[in-house]
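The shown structure was predicted, so the numbers you read here are calculated from the model rather than taken from an experiment. When a residue number appears, it is its place in the shown sequence, counting from 1. As a basis for the values below, the full set of heavy atoms in this structure was taken, side chains included, without hydrogen atoms, waters or symmetry mates.
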Amino acid sequence: MLTEMTTDPARRPGHSDVLVGLQYGDEGKAKIIDLIAPDYDVVARFNGGANAGHTIDTPAGRVVLQQVPSAVFHPGCELYIGSGCVLNLVKLRDELALLRTVGVDLADRLRISDRCAVVQPVHFLLDQRTGAAIGTTGNGIGPCYADRAARTRDGVRCNLQLRDLLEDPEGTAALMLAAVERELKEEADAGERLAAERERIAAMRESAEALRPMVTTDRTHLARRVADGARVLFEGAQSLMLDVVQGDQPYVTSSHTLPGHAYVGGDLPPRYHRHTIGVAKAVVSRVGHGPFPSELGAERSAAYFAEACRTGRGRTEEQAEHDPQQLLGSADPLDVGTALRMLTGEYGSGTGRPRRIGLLDLEQLREQVTLHGVDVVYLNKTDCLAHYRDSHYGGVPVQLAAAAPGEPGSERIEVLPVFDAEQVRAAVAGLPGLDGVPASMLAFKEYVEQRIGAPVIGLGLGPERDCTAEFARPGTLPAGLPAALPAARQAGG
């Protein structure tokens with residue numbers, strides 16, 4: 001027999017939003033999370049591990065987070081690491097210690113699912129041997145996710161969770177050591193390396209014990225909080241174009257990055273979903289190998305990146321050898337990409353690697369918006385488009401279609417007016433909504449909206465929290481698709 005559900009406003013359920021990067025990563029997701037975090041009670045991670053590098057610029061300085069959700073500077077927000085994540089326990093303990101040095105103690109705010117898989121020493125060994133071919137960060141993330149799927153190897157458990165290390169530290173450590181021994185048995189220096197791995201395992205055990213007060217065994221924690229009215233923001237660690245299924249194999253991350261997976265890896269029923277928030281950036285970049293349709297310099301740029309990774313070449317070497325303003329005026333797209341990387345600081349926040357640079361690809365964004373039901377978009381680094389004034393383009397180039405296979409140079413590019421840099425900076429002088437935003441920037445915003453089929457509700461004009469021209473907040477929009485979106489999608493298609 002059906003019973004009437006309560007309509008008591010005091011017990012009205014909350015909701016959840018999912019924030020994801022729409023490109024290849026480094027879109028400034030952490031900046032937007034830091035901006036909108038006051039609208040939420042919980043900020044949660046649902047995928048990835050220490051292969052993330054989320055940067056937040058604060059008055060106290062710059063902080064790069066790898067595993068902790070990006071709302072660390074908002075004391076009213078609970079932080080949650082869901083079961084879909086994989087943990088480097090030593091790095092997580094060190095990350096929490098680093099935050100304490102800038103006055104942020106998460107002892108009472110961070111919860112960690114006990115079902116997170118643990119990155120083991122053997123995973124680092126495997127990643128070092130095979131990861132370079134696809135440009136991994138070397139943090140053992142892929143092998144850890146592979147073992148999570150395999151469950152056992154040669155009849156022995158290989159997927160070890162945080163709860164295993166806390167409930168049976170001796171037995172779990174023995175399984176980790178045995179896995180390393182099997183991997184190193186043919187190595188000439190196996191004895192010396194095993195001694196180092198024993199120390200690593202001991203450090204993992206110590207880290208797990210230090211984290212014990214933050215670990216929860218309650219798999220219904222988020223569901224109960226939201227049922228009682230809490231608002232949750234899920235933070236994607238990696239971006240949509242790197243999803244293990246939807247991205248271009250093998251040049252992808254090893255986890256699911258899609259909005260729908262937030263409710264699997266984040267431990268919350270999807271019934272509470274409200275909005276999907278996308279973050280992109282106007283100067284597009286990619287770290288790692290793989291297809292990049294709008295890349296400036298195409299194959300030559302990819303080869304330059306590969307060589308830089310091999311030799312350790314990065315920001316310091318480029319700044320010593322090149323004048324970015326001179327490169328910017330070149331007719332060679334590779335030179336323009338190098339100049340933009342130098343002028344906009346496009347180097348890996350966690351690795352320091354140079355990032356490959358490309359044009360803003362509106363066709364690619366439209367596809368991601370449509371495929372994943374993105375409701376609203378924040379577009380970061382729009383201030384950096386002012387650099388195109390000094391380029392041979394003479395305006396802001398945007399890509400509307402990629403080159404046809406076998407036909408380099410056949411891509412569709414449209415050049416838009418450049419914003420005045422000083423006007424752009426003035427646009428964020430505490431002025432709300434459209435006030436103070438240059439007409440050329442508003443025209444650009446509307447053009448992008450029509451092309452991608454989603455409202456652009458914020459334009460990033462610098463790395464700091466207050467350097468964003470906001471036109472709306474996700475919380476001010478109606479649940480579901482905004483009313484103006486279908487027409488925009490039709491025009492953009």
- Query: Can you name the side-chain hydrogen bond (donor to acceptor under 3.5 Å, both in side chains) partners of Gln399, sequence neighbours left out?
  - Reply: none
- Message: Distance check, rounded to the nearest 0.5 Å: Leu385 atom CG versus Leu416 atom CG?
- Response: 9.0 Å
- Hey, is Arg313 close enough to Glu321 for a salt bridge, meaning N to O under 4.0 Å? yes
- Establish, yes or no, whether a centroid distance under 6.0 Å links the rings of Tyr263 and Phe234. yes
- Message: side-chain contact (heavy atoms from CB on, under 4.5 Å), that's the test. Do Leu89 and Leu162 meet it? Break it down for me.
- Response: CA-CA 9 Å; Leu89 297 174; Leu162 179 54; 3.9 Å; yes
- Message: Restricting to non-hydrogen atoms, name the atom on Pro354 and the atom on Gly314 that form the minimum distance, rounded to 0.1 Å.
- Response: CD-CA, 4.2 Å
- CG-CD1 distance between Leu19 and Ile277, expressed to the nearest 0.5 angstrom: 5.5 Å
- Task: Evaluate salt bridge (Lys or Arg N to Asp or Glu O under 4.0 Å) for Glu295 paired with Arg356, printing each intermediate quantity in order.
- Result: CA-CA 7 Å; Glu295 185 169 12; Arg356 299 157 62 190; 2.8 Å; yes
- Test side chain to side chain donor-acceptor pair (under 3.5 Å) on His74 and Asp34 and set out the steps. CA-CA 8 Å; His74 297 273; Asp34 182 55; 3.0 Å; yes
- Should the pair Asp41-Arg225 be classified as a salt bridge under the 4.0 Å nitrogen-to-oxygen rule? no
- Please report the C-alpha distance between Tyr378 and Glu27 in whole Å, then the side-chain angles of each, then the deciding distance to 0.1 Å, and finally whether the side chain to side chain donor-acceptor pair (under 3.5 Å) criterion is met. CA-CA 9 Å; Tyr378 285 88; Glu27 300 95 342; over 6 Å; no
- Query: Where do Asn380 and Lys31 land on the side-chain contact (heavy atoms from CB on, under 4.5 Å) test, with the steps shown first?
  - Reply: CA-CA 9 Å; Asn380 281 324; Lys31 174 195 170 183; 3.7 Å; yes
- Check ion pair Lys381-Glu346 (N to O, under 4.0 angstrom): yes
- Query: Hey, what's the ring geometry for His261 with His256, parallel, tilted or perpendicular (30° and 60° as the breaks)?
  - Reply: tilted
- Message: Let's go through Val232 and Tyr272 carefully: what are the C-alpha distance in whole Å and the side-chain angles of both, what is the deciding distance for side-chain contact (heavy atoms from CB on, under 4.5 Å) to 0.1 Å, and is it a yes or a no?
- Response: CA-CA 9 Å; Val232 175; Tyr272 298 113; over 6 Å; no
- Message: Run Asp361 and Ser294 through side chain to side chain donor-acceptor pair (under 3.5 Å) and show every step you take.
- Response: CA-CA 6 Å; Asp361 190 335; Ser294 71; 4.5 Å; no
- Task: For atom CZ of Arg473, decide whether the heavy atoms of other residues, nucleotides or ligands shown that lie under 6.0 angstrom number more than 12.
- Result: yes
- Query: Does the side chain of Leu343 come within less than 4.5 Å of Leu328's, by heavy atoms?
  - Reply: yes
- Item | Test item: side-chain donor near acceptor, Asn88 and Gln67, under 3.5 Å | no
- Task: Before accepting this row, confirm whether a basic side-chain N of the pair Asp332/Arg300 lies closer than 4.0 Å to the acidic partner's carboxylate O.
- Result: yes
- Does any donor atom in the side chain of Tyr24 or Gln238 lie under 3.5 Å from an acceptor atom in the other side chain? no
- Task: Using a strict cut-off of less than 4.0 Å between a Lys/Arg side-chain nitrogen and an Asp/Glu carboxylate oxygen, indicate whether Lys445 and Glu449 qualify as a salt bridge.
- Result: yes
- Query: So which heavy atom on Ser330 is nearest to which on Asp335, and how close?
  - Reply: OG-OD2, 2.9 Å
- Task: Tell me, yes or no, whether the heavy-atom count around Gln326 atom CD, taken from other residues, nucleotides or ligands under 6.0 Å, exceeds 12.
- Result: no
- Message: Can you see whether Ser255 engages Asn47 through a side-chain donor-acceptor pair at a distance of less than 3.5 angstrom?
- Response: yes
- Query: Any chance the side chains of Gln128 and His123 put a donor and an acceptor closer than 3.5 Å?
  - Reply: no
- Query: Yes or no on salt bridge (Lys or Arg N to Asp or Glu O under 4.0 Å) for Asp26 and Lys281, after CA distance, side-chain angles and deciding distance?
  - Reply: CA-CA 8 Å; Asp26 309 306; Lys281 64 180 177 180; 5.1 Å; no
- Is there a donor in the side chain of Ser70 and an acceptor in the side chain of Glu235, or the other way round, less than 3.5 Å apart? yes
- Message: Which heavy atom of Ala469 sits nearest to which heavy atom of Leu461, and what is that distance?
- Response: CB-CD1, 4.1 Å
